[in-house]
Amino acid sequence: MQTQSQIQSQVQVMSQKQIQSLEILSLSSTDLREAIYKAAEENPALEIVKDKLESGVDLRKRSTIHDGTKLSSIHSKELDNASDTFQATLESRADEKEPLKDHLLHQLNMIDLSDAEQALGERLIHNLDDRGFHQLAPVSLLDSKDIKQNEAMLGRMLDLIQGFDPTGTCTSGPEESLLVQARGKNAPELVLFILDGHLSFLDPPIASKAQKKIESYIQKQKSLFGSDTSKIDSLEVNEKSVEEAITFIKTLEPFPAGNFSTSQTQFASPDIYIEEKGDDTGEIPETELNKENLYSAGGKIWKIRLTNETLPELSINQDFINSLELSGINEKERKMMEKNIKQAQEFMLTLELRKSTLERAAIQILKHQAEFFTSGPGHIRPFLQSELASLLEVHESTVSRLANGKYIECQWGFYELKYFFSHASSTSTSGQNTSKEAVLHKIEKILTEHQNDKKPLSDSKLCSLLEEEGIQIARRTVAKYRSQLNIGSSYSR
């Protein structure tokens, strides 16, 4: 007996504008420059009027008159004065675009895992090829000497890593990757059915033809004696539902690791400068400080500057706007030109949103990690991306995109934004949490101080010395962190 039921669900669908905003937010300064030039090439209403880093570049300057809708990449004389220093920094910092494995390992290390889970997770990630797919069968990576590593743990670790950013890596290939992505987006049952071994039904991706193939398969399954058809009985198959499934699948990425590289050399440049300007005497109101991009944290006054001098200066092309008033333009051409102007304005607003979000994130990082900016490495406090997302009132995935490939320059050096996120690794004797980064720094410092000892420090002794400094941590965790520092055990030192 077949019954019909109606289920009401709420699904959030992102607009193209929102998708573009997230894509722009995730770009590094170098990639953003390329995106801006690409946008200017594709949209005649968008004009690059100035690029400080280009000499004799063929800018798309069509008029010296502008409509006031302008995005400037250089906002003050102070940034102009810093341009020479910045250019030297840009030329001296050759950096590999973050490899996929490093990106995944960073996320793995942010999670509190057992030794067995950590080891298996690292093996799974190192087993991936450049596209993010398995090279060896995952089951072959289980350590037969560790009874805690079994197929149940393997399944949990696969699910965990497949859910990392970018979603859909650590899979067998494009089809499984699409299925993982679809599940993560609560896709309709028909989409999951197609991606679960039936992607060939979409060859060609024409709804009417795919519908016939799916219906034929369902009828054949129902005719087989003893066949379990529970998974297909509830499928709604008609031309409209199949067309919607095809449209949904087209939004997925069969090669989610495409934005990562292990060979392309790029130049890394700071997106944010944080400079100490003096002690906070409390004489200047916070509202007055903020007008000058000055902020109070840790008893000091700090200056936050976004380094936008690598970005071209954009404007809406006034000649393009004026051409709308010309006679002889038909309605179709007019609508296309108005669409180009709207897209150009939205693109520029998206750049401003990226700037605003990055600046707000920098302020929160400064306030939360004031001890680091005052005292240097080894003073990172526990701070999760989810906490920053809550403070900024954005989704955690937005913070993940924001942190990717962005750098902060301060008096202590050049740091990726991800450096400032760390989970609590231990509890101090005073009851306060200590970040993993701070514990790693302390372990490295202690081992360096005792490197000439006749008898190398054991993990147990190291554990005791950490406790003397107020850090309570398990011996097995000390061993794991020591290994992550590429320091051998006391037997091998």
Side-chain angles (χ1 to χ4, degrees), residues 1-24 42 132-133 159 162-163 165-169 171-259 331-332 335-336 338-340 342-343 346-347 350 395 397-398 401:
M1 179 178 178
Q2 292 185 342
T3 60
Q4 290 185 335
S5 62
Q6 187 174 19
I7 300 175
Q8 184 176 3
S9 63
Q10 186 176 17
V11 180
Q12 182 180 8
V13 180
M14 289 194 297
S15 66
Q16 186 60 37
K17 182 179 177 181
Q18 289 173 314
I19 293 172
Q20 182 190 56
S21 179
L22 290 175
E23 289 176 346
I24 292 295
E42 296 176 348
F133 302 141
D159 288 342
Q162 288 170 359
D165 175 58
T167 306
T169 60
T171 51
S172 59
E175 191 165 345
E176 186 185 3
S177 179
L178 293 174
L179 179 60
V180 168
Q181 294 172 55
R183 285 172 176 163
K185 293 185 176 182
N186 296 318
E189 286 298 321
L190 183 57
V191 171
L192 300 179
F193 166 77
I194 292 172
L195 294 178
D196 193 9
H198 308 111
L199 193 59
S200 60
F201 290 165
L202 302 187
D203 185 16
I206 299 173
S208 58
K209 294 185 178 181
Q211 177 191 353
K212 292 179 181 179
K213 293 179 182 179
I214 295 171
E215 289 175 338
S216 174
Y217 172 84
I218 291 175
Q219 291 301 321
K220 183 177 180 180
Q221 288 299 112
K222 288 183 176 181
S223 67
L224 295 176
F225 178 77
S227 176
D228 182 6
T229 61
S230 58
K231 291 184 178 180
I232 59 177
D233 286 338
S234 60
L235 288 179
E236 180 184 359
V237 183
N238 52 57
E239 190 167 343
K240 180 181 178 182
S241 64
V242 175
E243 182 65 48
E244 290 174 348
I246 293 172
T247 301
F248 186 97
I249 291 172
K250 286 180 178 179
T251 67
L252 306 178
E253 175 54 65
F255 299 98
N259 290 330
E331 189 62 22
K332 183 177 180 181
K335 287 183 177 180
M336 178 60 69
E338 289 174 347
K339 181 180 179 182
N340 285 336
K342 182 180 178 181
Q343 289 176 341
E346 289 180 349
F347 182 77
T350 297
H395 194 275
S397 63
T398 300
R401 289 182 174 91

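For clarity, every value in this text was computed on a predicted model and none was experimentally measured. Residues: numbered from 1 along the sequence shown.
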For F193, the ring pair (Phe, Tyr, Trp, His ring centres under 6.0 Å) test, sequence neighbours excluded, returns H198, Y217
Residues that N340 engages under side chain to side chain contact (heavy atoms under 4.5 Å, CB included), provided they are two or more places apart: N43, P44, A45, F320, M336, Q343
Please check if atom NZ in K213 has more than 12 non-hydrogen atoms from other residues, nucleotides or ligands closer than 6.0 Å. yes
From K339 atom NZ to E346 atom CD, the distance as rounded to the nearest 0.5 Å: 10.5 Å
Which atoms form the tightest heavy-atom contact between Q162 and V180, and what is the distance? OE1-CG2, 3.5 Å
Stepwise side-chain contact (heavy atoms from CB on, under 4.5 Å) test for T247 and E243: CA-CA 6 Å; T247 301; E243 182 65 48; 3.9 Å; yes
Nearest heavy-atom approach of F133 to G168 is CE2-O, 4.5 Å
Return the set of residues passing side chain to side chain donor-acceptor pair (under 3.5 Å) with S177 (not counting sequence neighbours), or none when no residue passes. Q181
Residues which pass side chain to side chain contact (heavy atoms under 4.5 Å, CB included) with I206, listed by chain and number, not counting sequence neighbours: P204, S208, K209
Non-neighbouring partners of N238 that pass side chain to side chain donor-acceptor pair (under 3.5 Å), sequence neighbours left out: E236, S241
Considering residues at least two apart in sequence or located in another chain, which fulfil the side chain to side chain donor-acceptor pair (under 3.5 Å) criterion with E189? none
For E176, enumerate each residue passing the side chain to side chain donor-acceptor pair (under 3.5 Å) test, keeping only those at least two apart in sequence or located in another chain. S172
Using the side-chain contact (heavy atoms from CB on, under 4.5 Å) rule, take E239 and V242 through it: C-alpha gap first, then chi angles, then the decisive distance, then the call. CA-CA 5 Å; E239 190 167 343; V242 175; 5.9 Å; no
Heavy-atom nearest pair, A182 first then L195, reads CB-CD1, 3.7 Å
Does the side chain of R401 come within less than 4.5 Å of S397's, by heavy atoms? yes
Restricting to side chain to side chain contact (heavy atoms under 4.5 Å, CB included), what partner residues turn up for A245, sequence neighbours left out? L190, V191, I194
Mind checking side chain to side chain contact (heavy atoms under 4.5 Å, CB included) for T251 and listing every partner two or more places apart, or none if nothing turns up? K185
